[in-house]
Amino acid sequence: MESGEAAAAGAGGPRFPFPYTPYDIQEQFMAALYGTLETGRIGIFESPTGTGKSLSLICGALTWLRDFEQKKREEEARLLAPEESGQEGKECPASAGPARPESQGTAGDPDWVTAFIQKKEERDLVDKLKEEQIRRKKREGRLEKIRNNVQLKYAAKRKRSEEDETKRLLQLSKEVLSEGAEDALEQLDHSEEELILAEYESDEEKKVVSGLEDDDLEEEHVTKIYYCSRTHSQLSQFVHEVQKSPFGKDTRLVSLGSRQNLCVNEDVRRLGALQLINDRCMEMQKNKHEKTSDEENGEKKRRVSRTVCPFYSYEQMQFLRDEILVEVKDIEQLVALGRETKACPYYGSRYAISAAQLVVLPYQMLLHEPTRNAAGIKLKDQVVIIDEAHNLIDTITCIHSVEVSGSQLCCAHSQLLQYMERYGKRLNAKNLMYIKQILNLLKRFVAVLGGNVNQNPSFQAVSQTGTVLNSINTFLFQSRIDNINLFKVQRYCEKSLISRKLFGFVERYGSPASAVKPNRENQKLSGLQNFLLTLQQGADTEGTPQSPVMEAEHNEVRTASPLMQIEGFLSALTNANQDGRVIINRRGTVGQSSLKFLLLNPAVHFAKVVKECRAVIIAGGTMQPVADLREQLLSCAGVDPARVVEFSCGHVIPPENILPLILCSGPSDQQLKFTYLTRSMPQMMDETGRILCNLCNMVPGGVVCFFTSYEYENQVYAHWEKTGLLTRMAVKKKIFQEPKKANQVEQVLMEYTKCIKRCRQAGEQMTGALLLSVVGGKMSEGINFSDDLGRCVIMVGMPYPNVKSPELQEKMAWLDKTMPRAPGPSRGRVLIEDLCMKAVNQSIGRAIRHQKDFASILLLDCRYARPAIFNKLPQWIRERTQVKPAFGAAFAELRKFHRGRLDAS
């Protein structure tokens with residue numbers, strides 16, 4: 001299609017550049033988005049997949065940003081104009097003439113005082129605008145120079161090669177000079193020196209000197225849009241949409257990611273675990289700063305092998321920052337550029353944030369405040385768009401909830417104890433004090449689970465099994481750690497990198513840091529303690545406790561130190577008492593038992609985002625039901641309900657291309673009500689099988705059937721196999737089952753797709769395939785069953801969550817206690833229904849993916865017809881849904897629909 005501009009509804013509205021003629025609903029979406037950003041509100045936007053949501057978000061938001069920047073420049077020009085025309089020295093009308101003492105300003109001050117204050121504020125504003133203008137022009141000139149001057153890039157590349165050669169020769173010279181040098185202190189292997197904790201002098205935060213003195217890096221954060229989504233692939237897809245959009249050439253975009261995604265130092269990448277990569281990176285930076293400081297002070301300290309990262313070069317990272325801003329790049333392109341320029345993409349991208357107009361980043365980076373601050377993200381007066389936000393509450397809850405097992409606690413205690421025994425004499429008093437505090441915390445936590453840290457957790461049986469929920473304060477008192485300042489311990493862990501040092505120690509002298517597998521019998525304690533003693537000739541062998549360091553399976557993937565996970569748990573315990581609970585889960589053994597922090601109030605972490613931002617857009621393909629977002633997240637975060645805007649658009653498909661049916665009974669008039677008690681009855685499973693047999697005979701292409709759990713799907717499959725129903729279905733459709741393992745999903749989908757294409761081309765008796773899937777599984781989100789892959793989607797029963805779950809019960813109780821009482825079912829009951837229908841809506845939305853697609857949707861349960869449930873279906877599905885009490889009428893409607901679609905195609 002030709003590119004076009006969409007006009008907003010109403011005369012004089014903004015015009016939206018668009019790569020093709022937009023749908024009406026896209027125009028409405030962009031106009032509503034523009035209005036929400038302009039008025040600084042919180043928007044909940046729903047646009048079904050296949051309606052061009054990403055492009056509407058890009059063109060709507062960037063049009064607003066373009067207009068906003070234009071207005072700002074015009075206002076800037078207006079304010080600077082009097083000064084440029086030589087009017088600065090003139091008095092403003094308010095101060096003209098002699099001041100009269102009796103004349104008072106609005107605040108009780110004389111008029112001349114008020115006028116003087118106004119004049120000073122105007123002068124300050126003008127000075128600030130001038131500074132911003134200088135910075136902006138400098139940045140624009142620099143980027144334009146890079147954009148148009150190819151010679152500059154080659155010169156920079158040549159300079160890098162020269163610097164590399166100089167560094168190499170310098171290193172060789174240093175090695176020659178250092179040959180034969182002896183260390184006066186205790187002899188330790190150079191690599192072991194890196195395991196020693198640095199001096200820890202104070203509990204107070206120290207300002208870290210970055211070494212970046214370039215004024216450009218101190219540039220004010222321009223007004224920008226932060227766009228975040230769930231997965232790395234979704235973010236890359238969004239960036240590619242920006243590249244193809246009318247804004248692709250002149251938008252300053254930066255993609256942010258974790259070190260795991262952006263690190264180009266292979267030695268660090270090889271560590272695998274995110275926390276290890278983070279700690280190693282921070283340590284290498286620290287080494288660089290310490291080295292620089294020592295050189296400046298001319299100090300000659302003990303020679304220590306401290307590695308610095310060759311990619312952490314200020315000059316090269318500035319060059320990379322400018323390259324990022326010149327042209328839109330996704331993370332893969334950014335990493336490739338980092339390797340080419342020998343500059344760190346992780347830090348180079350962060351230096352680009354201040355000047356960027358659009359920042360693309362994962363959920364966790366925006367929603368987790370410490371991560372947000374570490375990345376240099378400033379939300380004050382900015383715009384945030386959270387896409388794929390249907391599970392936003394769960395996402396925030398998960399980010400701030402953490403669980404540690406008894407095995408991890410015992411393992412961390414053993415490792416830390418042996419670390420202290422090995423290096424105790426080389427640590428200062430403050431380090432020893434904190435290590436002893438951490439050891440005490442671990443000991444108390446294991447005691448709460450009913451165990452002893454000095455014994456193997458896999459062999460310690462728990463006398464009283466079960467689950468107990470406590471408030472944070474109750475747990476602290478029960479654990480007898482209420483006298484320890486967890487804030488200071490948390491800060492010590494962050495600054496000292498103790499978990500990284502501990503991991504290096506275990507890597508060197510023991511087995512990898514992983515927990516005992518509880519099902520291994522006759523497990524013997526690993527002899528790390530004895531092994532260490534054999535390395536220390538003449539060491540005192542008395543008083544060596546039976547410290548269990550766990551033996552890892554040889555084929556087990558190397559994981560991070562257990563102390564890293566425990567640090568997250570300690571951090572969670574610093575939440576306010578009313579906002580979370582600690583779940584003590586005692587199972588068969590101490591090793592199998594666990595402590596879990598459960599966040600109950602996600603709004604406490606979302607409040608700062610909505611408070612600081614100019615506007616927040618919460619968007620998704622399926623946002624219904626939205627009551628939980630309004631109440632649990634926005635209302636609890638202190639958002640005025642009048643500030644919240646809801647926008648929901650229909651689908652681009654014609655009404656005749658979708659047929660949603662609620663089926664209340666099957667072919668033999670068996671009522672369809674899949675409760676926990678009735679769903680396993682043979683007659684219910686038989687009736688479900690008969691319905692699928694009929695559909696397989698009539699529906700062309702692919703049929704996707706969702707069950708409420710893997711367990712129930714397997715139970716039904718086994719029953720059909722025994723009764724012969726499976727064989728009857730297999731005559732028309734080849735049957736596939738969703739695998740539990742994520743790495744097998746791609747293979748099953750590929751085989752499913754091949755089978756449907758083969759059947760369509762061959763014209764055989766078999767007409768396609770049947771895919772048995774699970775709600776909340778790998779196939780219910782992120783997988784598109786477009787065209788022949790999903791001509792019919794079936795939902796068997798209602799996927800209510802496990803109400804007996806202690807976490808869910810606590811959340812329900814918290815809602816009933818916290819939320820204002822409303823007519824109708826309790827808040828806890830509403831939560832259960834909302835969780836169920838969000839899962840249903842995600843699953844059934846898999847079938848319709850573009851304007852010419854068509855599919856039937858079958859909801860097998862009479863409870864879907866209840867008004868409270870029915871009204872929680874997405875509007876575009878709800879308004880076309882029919883309730884069918886009998887199977888005959890439903891089958892006739894389905895046959896008519898599919899025959900009509902085949903004739904039309």
Side-chain angles (χ1 to χ4, degrees), residues 19 54-55 57-58 62 143 146-147 150 153 156-157 160 224-245 247-274 276-278 280-281 309-313 316-353 355-366 371 375-377 385 387-388 742-743 745-746 749-750 782-784:
S54 294
L55 206 49
L57 281 170
I58 291 164
L62 290 178
L143 297 183
I146 293 170
R147 192 178 285 118
V150 180
K153 293 186 181 182
K157 196 171 184 179
R160 284 195 302 276
K224 66 180 91 284
I225 296 163
Y226 287 98
Y227 171 91
C228 56
S229 193
R230 221 158 24 107
T231 65
H232 175 66
S233 61
Q234 285 168 339
L235 293 171
S236 288
Q237 190 179 340
F238 180 82
V239 173
H240 294 152
E241 290 282 349
V242 175
Q243 287 171 332
K244 291 185 291 183
S245 78
F247 295 90
K249 297 292 182 188
D250 55 1
T251 297
R252 299 191 302 276
L253 180 148
V254 57
S255 294
L256 301 183
S258 65
R259 286 181 176 89
Q260 205 167 28
N261 285 325
L262 290 173
C263 179
V264 289
N265 185 327
E266 291 304 321
D267 291 336
V268 178
R269 285 175 65 87
R270 231 174 266 129
L271 294 170
L274 176 60
L276 291 177
I277 291 172
N278 286 344
R280 184 67 180 135
C281 176
C309 182
F311 296 92
Y312 192 72
S313 157
Q316 291 310 117
M317 287 190 293
Q318 289 173 46
F319 178 80
L320 180 63
R321 170 204 64 187
D322 291 343
E323 283 287 333
I324 290 168
L325 295 172
V326 161
E327 189 179 38
V328 173
K329 296 173 184 68
D330 65 13
I331 280 189
E332 284 77 15
Q333 293 166 321
L334 181 55
V335 168
L337 184 63
R339 287 199 177 102
E340 183 193 330
T341 57
K342 295 190 176 177
C344 176
Y346 180 79
Y347 285 101
S349 59
R350 274 149 184 74
Y351 296 149
I353 291 174
Q357 295 167 306
L358 180 58
V359 179
V360 179
L361 69 166
Y363 276 170
Q364 291 81 348
M365 200 172 285
L366 184 108
T371 309
I377 294 167
I385 297 176
D387 202 0
E388 300 298 329
N743 60 359
V745 171
E746 196 64 40
L749 275 173
M750 199 162 61
I783 304 292
N784 294 339

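No hydrogens, no waters, no symmetry mates; every other heavy atom, side chains included, goes into these values.
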* Asked: How would you list, by chain and number, every residue that makes a side chain to side chain donor-acceptor pair (under 3.5 Å) with N261, sequence neighbours excluded?
  -> none

* Atom CG of L253 and atom CG of L334: how far apart are they, to the nearest 0.5 Å? -> 10.5 Å

* To do: Report yes or no: does Q234 contribute a side-chain atom to a donor-acceptor pair with the main-chain N or O of R230 at less than 3.5 Å?
  => yes

* To do: Please name the pair of heavy atoms, one in I277 and one in R259, separated by the smallest distance, quoted to 0.1 Å.
  => CG2-CB, 3.6 Å

* Structure fact -> Looking only at heavy atoms, the pair that brings I353 and A375 closest together is CD1-O, 3.3 Å

* Structure fact -> To the nearest 0.5 Å, atom CG of L57 lies from atom OH of Y227 at 6.5 Å

* Who passes side chain to side chain contact (heavy atoms under 4.5 Å, CB included) against Q237, sequence neighbours left out? -> none

* **Student check: side-chain heavy atoms of P345 and V264 closer than 4.5 Å** => yes

* What residues form a ring-ring contact (aromatic ring centres under 6.0 Å, His included) with Y226, not counting sequence neighbours? -> none

* Does A343 have any side chain to side chain contact (heavy atoms under 4.5 Å, CB included) partners at least two apart in sequence or in another chain, and if so, which? -> Q316, M317, L320, T341

* Asked: Which residues pass the side chain to side chain contact (heavy atoms under 4.5 Å, CB included) test with R269, sequence neighbours left out?
  -> C263, E266, R339

* Asked: Has the side chain of K244 got a donor or acceptor atom that lies under 3.5 Å from a matching backbone atom of L55?
  -> no

* Might you point out which heavy atoms bring S255 and I331 nearest each other, and give the distance in Å? => CB-CG1, 3.8 Å

* Working to the nearest 0.5 Å, report the span between CD of E388 and OG of S54. => 7.5 Å

* Sorted by first residue and then second, give each side-chain hydrogen bond (donor to acceptor under 3.5 Å, both in side chains) pair with at least one member in residues 356-366; sequence neighbours left out. => E69-Q357

* **Pair V360-V242, side chain to side chain contact (heavy atoms under 4.5 Å, CB included): steps then yes or no** => CA-CA 11 Å; V360 179; V242 175; 6.0 Å; no

* Quick one: side chain to side chain donor-acceptor pair (under 3.5 Å) partners of E241, sequence neighbours excluded? -> none

* For L262 against S349, the heavy-atom pair lying closest together -> CD1-OG, 4.0 Å

* Side chain R252, main chain A355, donor-acceptor under 3.5 Å -> yes

* K224 side-chain N/O to L358 backbone N/O, donor-acceptor pair under 3.5 Å -> no

* Within the distance-only criterion (no hydrogens, no angle test), does the side chain of K329 pair as donor or acceptor with the backbone N or O of V335 below 3.5 angstrom? -> no

* Partners of Q260 by side chain to side chain donor-acceptor pair (under 3.5 Å), sequence neighbours excluded? -> none

* Structure fact -> What one should report as the nearest heavy-atom pair of S229 and L235 is N-CD2, 3.6 Å

* Structure fact -> Sequence neighbours excluded, the answer for salt bridge (Lys or Arg N to Asp or Glu O under 4.0 Å) partners of D330 is none

* In chain order, what residues pass the ring-ring contact (aromatic ring centres under 6.0 Å, His included) check against Y346, with sequence neighbours excluded? -> none

* Considering non-hydrogen atoms only, spot the tightest contact between Q243 and V328 and give its length. => NE2-O, 3.1 Å

* Examine distances only and state if a side-chain atom of S236 and a backbone atom of S233 form a donor-acceptor pair shorter than 3.5 Å. => no

* **side chain to side chain donor-acceptor pair (under 3.5 Å) against T371, all qualifying residues, sequence neighbours excluded** => H368

* To do: Could you pull out all residues at least two apart from Y347 that satisfy ring-ring contact (aromatic ring centres under 6.0 Å, His included)?
  => Y312

* Quick one: are H232 and E332 in side-chain contact, heavy atoms under 4.5 Å? -> yes

